Amino acid sequence: MSSLVKCPHCGLRPREEFTIRGEVPTPRPAAGADESVWFDHVYLRDNPRGQHREYWHHSGGCRRWLVLDRNTVTHETGDVVDASTLKSEGRA
Amino acid sequence: MRDFPLNNVSPFATMPDGQAHGAIHIAPVRTGFVFHVLGQATGTIDQTRQQQLQKMMDAIAPDLGGELRVLSPGQWFWVGENDVSQGRFGEIAGQLPGEFALSDQTHGRVRLRVTGARVCDVLAKGVMIDLDEGIFGVGQSAMTQIGHIGAMVTRLDRDSFEITVLRSFADSLWHELHHMAAEFNGPHS
């Protein structure tokens, strides 16, 4: 089996059950923020080497959006949390 | 409420009840109901909320029986063996508190039973969960995939599983399960 991801609701599941959306961007800018700030938020991605946070959708299981810590070098996955926790913390 | 009656036709109408002579028995479940219960979406699966819901169900519809199977946070399948008329369904849906919504999925999610001594070997070819009894015990349910088909797998007994699948995928899954079970259902098994 390939990479296993620990869904906080369903437990250990193979990567095939998930759909990957991409990097968790910085918190959403204020509505009236400068155009360059918005451009950065919407279009520019860092593509880091090493630890990285991504949105994953557990489409084959609980169908919840998750935020996953992944190392882009080793593909090891760390913390996986429900995306709604980010919202309540004001980080997304 | 819908304003036309739903006609529940089994997608397996013309199929025999599996291969009763083999080591694996695959059979459709033709009676009973599947209700989708939707509560408020939260970030965690809340056990106390589920117990409260179970109590409410027992109070509202003690005649129905059945059990709750967790689908995702705030979502359950209420599955039971008794047939429920649409009038009765309307009554039950009306009596549930406003924080829950009820949707009759009896026509949309069909159930299969797979039983037999080698059932874990058959399912292990497709399901994405660990079927070890210590991890996936009797009475547990999991929303997962069998190959590319999304399905809920429930362990009814050590060697008995129930699979709930979307109606439109049921026929494919039926054939897939027969392929998976073929090596155990041969003439010499």
Side-chain angles (χ1 to χ4, degrees), chain A residues 1-29 41 51-71 74-92, chain B residues 36-50 68-77 103 105 108-109 120 123-137 139-155 163-166 169 172-173 176:
Chain A
M1 192 67 77
S2 60
S3 334
L4 291 171
V5 175
K6 197 171 190 330
C7 169
H9 311 303
C10 307
L12 221 51
R13 298 297 179 90
R15 193 196 64 77
E16 282 76 5
E17 275 192 11
F18 298 84
T19 312
I20 306 158
R21 185 192 167 202
E23 186 194 349
V24 178
T26 49
R28 199 177 163 83
H41 177 77
Q51 285 306 116
H52 187 59
R53 282 200 319 158
E54 285 172 337
Y55 277 121
W56 283 41
H57 185 232
H58 195 182
S59 41
C62 58
R63 304 198 59 81
R64 295 284 297 182
W65 279 103
L66 309 171
V67 172
L68 179 132
D69 246 354
R70 188 170 69 86
N71 190 309
T74 62
H75 294 300
E76 276 176 273
T77 56
D79 264 6
V80 188
V81 294
D82 192 278
S84 67
T85 57
L86 285 202
K87 204 173 168 187
S88 57
E89 290 168 18
R91 289 198 284 154
Chain B
H36 189 180
V37 187
L38 292 123
Q40 211 183 352
T42 53
T44 49
I45 288 176
D46 189 344
Q47 294 294 341
T48 36
R49 209 135 158 270
Q50 183 173 329
L68 283 176
R69 297 174 183 171
V70 188
L71 189 62
S72 106
Q75 289 190 47
W76 298 268
F77 279 139
S103 161
Q105 288 294 314
R109 307 254 179 185
C120 286
L123 291 180
K125 293 179 184 181
V127 300
M128 301 207 175
I129 51 170
D130 193 336
L131 296 171
D132 185 275
E133 245 194 312
I135 294 169
F136 192 63
Q140 269 183 271
S141 289
M143 194 66 200
T144 181
Q145 285 178 201
I146 299 175
H148 286 271
I149 300 173
M152 177 175 261
V153 179
T154 306
R155 188 173 215 141
I163 295 165
T164 311
V165 64
L166 280 171
F169 291 117
S172 293
L173 186 67
E176 219 160 87

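Order of the sequence lines sets the chain letters (A, B, ...), proteins ahead of strands, with each chain counted from 1. Since the model is a prediction, treat every value here as computed from it, not as a measurement.
- Within a 6.0 Å sphere centred on NZ of A:K6, heavy atoms belonging to other residues, nucleotides or ligands number 12 at most.
- The side-chain heavy atoms of B:M143 and A:C10, taken from C-beta on, include no pair separated by under 4.5 Å.
- Across every non-hydrogen atom of B:Q145 and A:G60, the tightest pair is OE1-CA, 3.3 Å.
- Within the 4.5 angstrom heavy-atom criterion, only side-chain atoms of B:I129, from C-beta onward, approach chain A.
- Heavy-atom contacts from other residues, nucleotides or ligands closer than 6.0 Å to NE2 of A:H41 number more than 12.
- Of residues 39-47 of chain B, those residues with a non-hydrogen atom less than 4.5 Å from any non-hydrogen atom of chain A are, in numerical order, B:A41, B:T42, B:G43, B:T44, B:I45.
- Side-chain contact check for B:M128 versus A:P14: some heavy-atom pair is nearer than 4.5 Å.
- To the nearest 0.5 angstrom, A:R63 atom CZ is 9.5 Å from B:S72 atom OG.
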